[in-house]
Amino acid sequence: MFQITLLSVATVIFLIWTWLKTRLNYWRRLGVKTPPYSLLFGNIKTLALRQESFARHQQAMYELSKSQRLSYAGYYLLWTPMFLPVDNDIIKSIMQVDFEHFIDRGMYSNEKVDPLSSHLFSLEGKKWKLLRNKLSPTFTSGKMKMMYETIVNCTPGLLDAMDKELVHAVDIKEIFARFTTDVIGTCAFGLSCDSMRNPNSEFRIKGKEIFKSGILENLKQMMSYIMPEFSKLLGFKIVPEDVSKFFMEIVKDTVAYREKHNTYRKDFMNLLIQLKNKGKLVDDQKLMEQNITDSQNKITMEEIAAQAFIFFEAGFETSSTTMTFCFYELAKNKSIQDRVRKEIRDVSSKYNGEVTYDAIMDMNYLDQVLNETLRKYPPLPCLHRKCNKTYKVPGADLILEKGMRVTIPVIGIHHDPDYYPDPGKFDPDRFTEENKRNRKQFTFLPFGDGPRICIGARFGIMQAKIGLIAVLLNYEVSINAKTVEPLTFEPESFILTTKGGLWLNVEKLSSEKIFLMKQEEYTEISG
Ligand code: HEM
């Protein structure tokens, strides 16, 4: 009996070992180079053991491949083969020229058991195309201008929160996370979340829960990414039950309230309700010209909830982490801080002392500073694509089979000295019009590129600029003894964010608060 048990165990171990060996031989069989890997973890040992952040891991793989003059490489996410393009032309082909082969990201969603997971970021194929067409008109510059005021209304709360913390060094990361929670909460859900004044507001707590990272959460994410079909079969839920219930109820209540009281507010929720009821935005000529009938284009309540949810999920931490890194760099580089503050003052004086939407569009140096922040610290260190049709890699003797996962190593590209000399230096002049023109396309990818580019980029930039301006007009920031340097990144987060808080000295510039608009133009945000 003992011998039989021993033999069975040995057979199972041998079979697993053979399977792993075969899986991990995938790239070698195709003649594609990989970084050294282990049988147990593939290429993610340092990630699994939390020795390295996700961003550093991506950057290291890009740099290793580049140092070997490779146009592309392979690696293993555990035992799943992944393709890593390095050459700029191949990246452009995958993201734009041959997009029809790479429409999907390969993210998990399950409409039935987890309705909030069926959003624009995770949807695939025709479903994604249809929804993207419906939602695109909600992000035009006209719609951004309409929402401008709604965002500016959140800045008095931001200044109050800064004032409250002034006695000590300020954890700027926490402050900006609360600011963007309020902005997206008010624009996507039409609610006053009030997390600026109340750090433990329900919205802030739920926001933290969405981004809760830990071994269990990451394992779940990875499993649903590597084995989406199996995860579907198991009825996997990505959005925690209580978070899902919270957002679903908020959306249903808000829609019902607005429809009953015929309420109009300058926000995304208003636009989503128009899509639900009319199937188009009332002033949208393009949709009308295309003769899209209302019923074809209408969205359901569940779809509204899922989109409001992704606007929140995709919009709050990406923007707040950008603002945090921006202030860190401004604290370190006083001359850049002074120059951008001077530009804000000079431009707004041309607009009657107000920071209007048009005034912000005229602030070129601010734009350069933000772009340089996004280059040095891209919130999404890599982009995902899934090959949905067999693909011949241009200029190479390599076929990617259907289902192959691709990661575009954004952070590696952004720190490549061939594109950005002395990449560790914070230098906004890399983004003057002339320097931008002289750089290759597809070397600046904080919002991705091609048809799947971030739909909310304009909104993200606008909210970050509004927050930055409000703080810069009122305070000077500098490095504090508590600022951890060099910066370390959260090892369990897929979004690039500092480990722990980011503490800076904040000094008030004058006793009077300076607002972006005349005070009488601010409205109290109603719930
Ligand atoms: C600084 C702020 C932001 C950054 C850096 C950022 C970055 C990104 C990136 C890198 C992608 C993937 C693009 C690709 O795969 O090519 C993406 C997609 C997306 N983002 Fe953003 N984002 C930001 C703000 C926002 C905001 C404010 C919203 C919504 C209000 C938003 C909504 C989305 C959505 C819905 C997608 C999926 C688009 C699709 O698949 O069609 N993002 N974002």
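When a ligand or atom number is given, it counts from 1 through the structure's own listing order. Heads up: numbering here begins at 1 and tracks the sequence.
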Identity of the nearest option to atom 41 (O) of ligand 1, non-hydrogen atoms only, from Arg132, Arg452, Glu317: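 Looking at heavy atoms only, Arg132 sits closest to atom 41 (O) of ligand 1.
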
Closest to atom 2 (C) of ligand 1 among Ala308, Ser319, Ser122 (heavy-atom distance): Ser319

Aromatic ring pairing Tyr72/Phe83, orientation class (parallel under 30°, perpendicular over 60°, tilted between): tilted

From CA spacing to verdict: salt bridge (charged side-chain N to carboxylate O under 4.0 Å, His left out), Arg430, Glu372: CA-CA 7 Å; Arg430 297 182 205 270; Glu372 176 64 347; 3.0 Å; yes

If you define the side chain from C-beta out and look only at heavy atoms, does anything of [X] sit under 4.5 Å from [Y]?
X      : Y      : result
Phe489 : Pro381 : no
Met462 : Tyr357 : yes
Tyr391 : Met404 : no
Cys154 : Phe179 : yes

Distance under 6.0 Å and angle within 45° of ring axis: Arg105 vs Phe121: yes

Tell me whether ligand 1 is touched by [X] - counting only heavy atoms on the residue side and a distance under 4.0 Å.
X      : value
Arg105 : yes
Trp128 : yes
Pro446 : yes

Rounded distance (nearest 0.5 Å) linking atom CD1 of Ile172 with atom OG1 of Thr324: 7.0 Å

Atom 21 (Fe) of ligand 1: protein N, O or S atoms [distance under 2.8 Å]: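 For atom 21 (Fe) of ligand 1, the protein N, O and S atoms that sit under 2.8 Å away are Cys454 SG.
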
Indicate, as side chain, backbone, both or neither, the part of [X] found under 4.0 angstrom from ligand 1 when only non-hydrogen atoms are considered.
X      : value
Gln307 : neither
Leu123 : neither
Leu383 : side chain
Arg385 : side chain

Residue Lys392 excluded, over 12 heavy atoms near NZ under 6.0 Å: yes

Can you list the atoms of ligand 1 that are under 4.0 Å from a heavy atom of [X]?
X      : answer
Thr322 : 1 (C)
Pro379 : 5 (C)
Asp449 : 16 (O)
Phe459 : 27 (C)

Within the 6.0 Å centroid threshold, strictly below: Tyr419 and Phe444: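 No.
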
Distance-only donor-acceptor check, side chains Ser195 and Asp182, under 3.5 Å: yes

Intermediate values then yes/no, ring pair (Phe, Tyr, Trp, His ring centres under 6.0 Å), Phe247 and Phe203: CA-CA 9 Å; Phe247 283 107; Phe203 236 88; 5.7 Å; yes

